[in-house]
Structures are given as structure tokens and as C-alpha cells.
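Remember, it's a predicted structure, so these values are computed and weren't measured experimentally.
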Amino acid sequence: MKENEVGRQAELSREATLEAVLFAAGNPLPLASLAAIMDCEEPDVVELARSLQAKLTSEGSGLTVQRVAGGYQLVTRPETYATVERLSQVTDRHLSAPTMETLSIIAFKQPITKPEIEQLRGVRVERALAKLLELDLICELGRKQVIGRPILYGTTATFLRCFGLDSLDDLPQLPDVPEQPGQPGQADGPEEPAEPSPGGGSAQHENEQHE
């Protein structure tokens with residue numbers, strides 16, 4: 001590195017350097033990677049991240065440092081959500097309510113198979129699963145060792161990042177609600193049952209429109 005470049009870096013605080021690294025990365029960076037990039041020990045990175053977070057807060061910045069998916073990321077503050085949300089008007093990638101429901105089931109019940117999701121939802125979920133796989137919110141975790149060996153699904157690091165979670169342990173606890181045996185999917189109201197119709201694919205097409 002040239003001498004003048006070393007001099008310019010020396011003028012920057014360690015917190016400013018960490019801020020630049022997180023900004024350039026965009027996605028969360030693991031602690032070990034940050035330690036290698038910053039040329040320091042992992043506990044030093046943790047302290048630097050705390051110091052940067054305090055600095056941004058004291059300056060009234062619209063950004064903050066958040067621990068996400070086992071790493072650190074520079075993110076917008078929750079108070080800016082209403083304004084930042086308008087970005088979605090340019091590229092709307094919101095999930096539909098049925099797809100979000102499928103994602104919620106996978107998040108809380110993983111690893112889980114497609115038939116198990118359909119039993120809980122009471123409708124077919126092919127399109128919802130395809131959308132979630134496309135967005136890298138879920139992935140295949142293997143196959144369940146039962147007849148037919150159905151695929152097991154679970155959430156990804158992208159899911160943790162999108163929902164601001166450090167790990168699945170940060171998911172809220174579900175209340176204990178006794179199940180009603182023999183009545184799957186009633187909450188979905190007018191949606192058709194998951195079983196395919198004997199006359200062909202028209203009923204399946206109608207169900208997929210709900211997703």
C-alpha cells in the first residue's frame with residue numbers, strides 16, 4: 001500500500017472503517033470475516049460494532065449496526081421504515097398473504113414436508129413453495145425417511161436477514177392452542193381442500209390462484 005494511502009486510512013477512525021466495510025458488503029458479514037478484513041481479533045470487532053452503533057445513534061443517523069444471521073450488517077433504523085418502504089413502489093416484491101402463511105409454517109415447524117404444510121393450510125402450496133424458493137427464503141434440507149421420501153423444507157440465512165433475526169431462536173414463541181382433529185385448514189374459509197379433484201387439474205388451478 002502506498003504511503004499516502006496509509007496516511008489517509010490513519011485519519012479514519014476504526015469505527016468509520018468498519019462502517020465503510022459494512023456499507024460496501026450490503027449483506028451481513030460473519031464475525032470471523034470481519035476480523036480478517038479489519039485485521040483484528042473477533043472480540044475487538046464486537047466492541048467496534050457496539051461503538052459504531054453508539055456513534056450512529058448519537059449523531060442521529062438513519063443507519064444502525066444490527067447483528068443478523070450470525071454476522072453484522074449496516075441497516076436502516078426502524079423509525080425510517082415509513083419512508084424507506086416507498087422504495088417498494090418501484091419494485092414490489094411483497095409476498096401474498098397465503099405465501100406468507102406458508103413461510104410462517106415452515107419457519108416454526110421446520111424441517112417440514114409439503115404434504116405436512118398442506119395438511120396444516122388445507123390447500124395446495126406448489127406455487128407458494130416455488131415463490132419462496134425463488135426468493136431464497138426457504139431451501140431443501142433433505143428428505144424425510146418415510147414412504148415416498150418427501151422433501152424437507154427449512155428457512156435460509158436470507159430469511160433471517162430479511163426479518164432482522166440473528167437466529168431461529170429469535171422467533172416469537174407460539175401460544176399453546178389445542179388442535180381440532182379432523183378439521184385441517186378451516187381457517188382458510190372458501191379455499192378448496194388440498195386433495196386433487198378426480199376430473200383433472202382445474203381444481204388445482206383454482207387453488208393455486210389463491211396463492
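- When hydrophobic clusters are built by joining Ile, Leu, Val, Met, Phe, Trp and Tyr residues whose side-chain heavy atoms come closer than 4.5 Å, directly or via intermediates, Val65 is grouped together with Leu63.
- The ring-ring contact (aromatic ring centres under 6.0 Å, His included) check on Phe163 picks up Phe159, with sequence neighbours excluded.
- Within the model, atoms CG of Leu120 and OG of Ser104 stand 12.0 Å from one another, a figure rounded to the nearest 0.5 Å.
- In this structure, CD1 on Ile151 lies 11.5 Å from SG on Cys139, to the nearest 0.5 angstrom.
- Under the side-chain hydrogen bond (donor to acceptor under 3.5 Å, both in side chains) criterion, Gln53 pairs with no residue, sequence neighbours left out.
- The shortest distance between side-chain heavy atoms of Leu48 and Thr17 does not fall below 4.5 Å.
- Within the 4.5 Å cutoff, side-chain heavy atoms of Met38 are placed close to those of Leu18.
- Scored by the salt bridge (charged side-chain N to carboxylate O under 4.0 Å, His left out) test, Glu19 finds no partners at all (sequence neighbours excluded).
- Residues that satisfy the side-chain hydrogen bond (donor to acceptor under 3.5 Å, both in side chains) test with Arg143, not counting sequence neighbours, are absent from this structure.
- Counting only heavy atoms from C-beta outward, the side chains of Val45 and Cys40 approach each other to under 4.5 Å.
- Contact record, Leu160 with Asp166: CD1-O, 4.0 Å, taken as the closest heavy-atom pair.
- Annotation: side-chain hydrogen bond (donor to acceptor under 3.5 Å, both in side chains) contacts involving residues 68-77, sequence neighbours excluded, comprise Arg67-Tyr72, Arg77-Glu79.
- Side chains of Leu95 and Leu137 form a contact here, defined as non-hydrogen atoms less than 4.5 Å apart.
- Residues satisfying the salt bridge (charged side-chain N to carboxylate O under 4.0 Å, His left out) test with Arg149, not counting sequence neighbours, are none.
- Note on residues 55-65: pairs passing salt bridge (charged side-chain N to carboxylate O under 4.0 Å, His left out), not counting sequence neighbours, are Lys55-Glu59.
- Take Ala16 and apply the side-chain contact (heavy atoms from CB on, under 4.5 Å) test, not counting sequence neighbours, and it matches Leu12, Ser13.
- For the pair Leu29/Val21, a side-chain contact is recorded, criterion being any heavy-atom separation below 4.5 Å from C-beta on.
- Every pair tested for side-chain hydrogen bond (donor to acceptor under 3.5 Å, both in side chains) that includes a residue from residues 29-44 fails, sequence neighbours excluded, so the list is empty.
- Inter-residue side-chain proximity for Leu129 and Ile117 is flagged as met; some heavy-atom pair is nearer than 4.5 Å.
- Within the 4.5 Å cutoff, the side chain of Tyr153 has no heavy atoms near those of the Leu141 side chain.
- Scored by the side-chain hydrogen bond (donor to acceptor under 3.5 Å, both in side chains) test, Ser51 finds Glu15 as partners (sequence neighbours excluded).
- The salt bridge (charged side-chain N to carboxylate O under 4.0 Å, His left out) check on Glu47 picks up Arg50, with sequence neighbours excluded.
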For a side chain to side chain donor-acceptor pair (under 3.5 Å) check, start with the C-alpha distance between Thr99 and Thr102, then their side-chain angles and the critical distance, and finish with the verdict. CA-CA 5 Å; Thr99 303; Thr102 300; 5.9 Å; no

Carefully, step by step, assess Val123 and Glu118 under the rule side-chain contact (heavy atoms from CB on, under 4.5 Å). CA-CA 5 Å; Val123 295; Glu118 290 179 338; over 6 Å; no

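- Residues Ile106 and Leu132 form a side-chain contact, since some pair of their non-hydrogen atoms from C-beta on lies under 4.5 Å apart.
- When the side chains of ILVMFWY residues are joined at heavy-atom separations under 4.5 Å, either directly or via intervening members, Ile112 and Leu135 end up in a single hydrophobic cluster.
- Scanning for side-chain contact (heavy atoms from CB on, under 4.5 Å) contacts around Asp136 gives Thr156, Thr158, with sequence neighbours left out.
- Counting all heavy atoms, side chain and backbone alike, Gln110 lies closest to Gly154 at OE1-CA, 3.2 Å.
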Taking it one step at a time, do Arg121 and Ile105 satisfy side-chain contact (heavy atoms from CB on, under 4.5 Å)? CA-CA 9 Å; Arg121 284 208 55 214; Ile105 290 172; 3.3 Å; yes

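- Under the 4.5 Å side-chain contact rule for hydrophobic residues, Val46 and Leu56 share a cluster.
- Under the 4.0 Å criterion applied to side-chain N and carboxylate O atoms, Lys109 and Glu116 are not assigned as salt-bridge partners.
- Considering CG of Leu152 and CD1 of Ile138, their distance stands at 11.5 Å, rounded to 0.5 Å.
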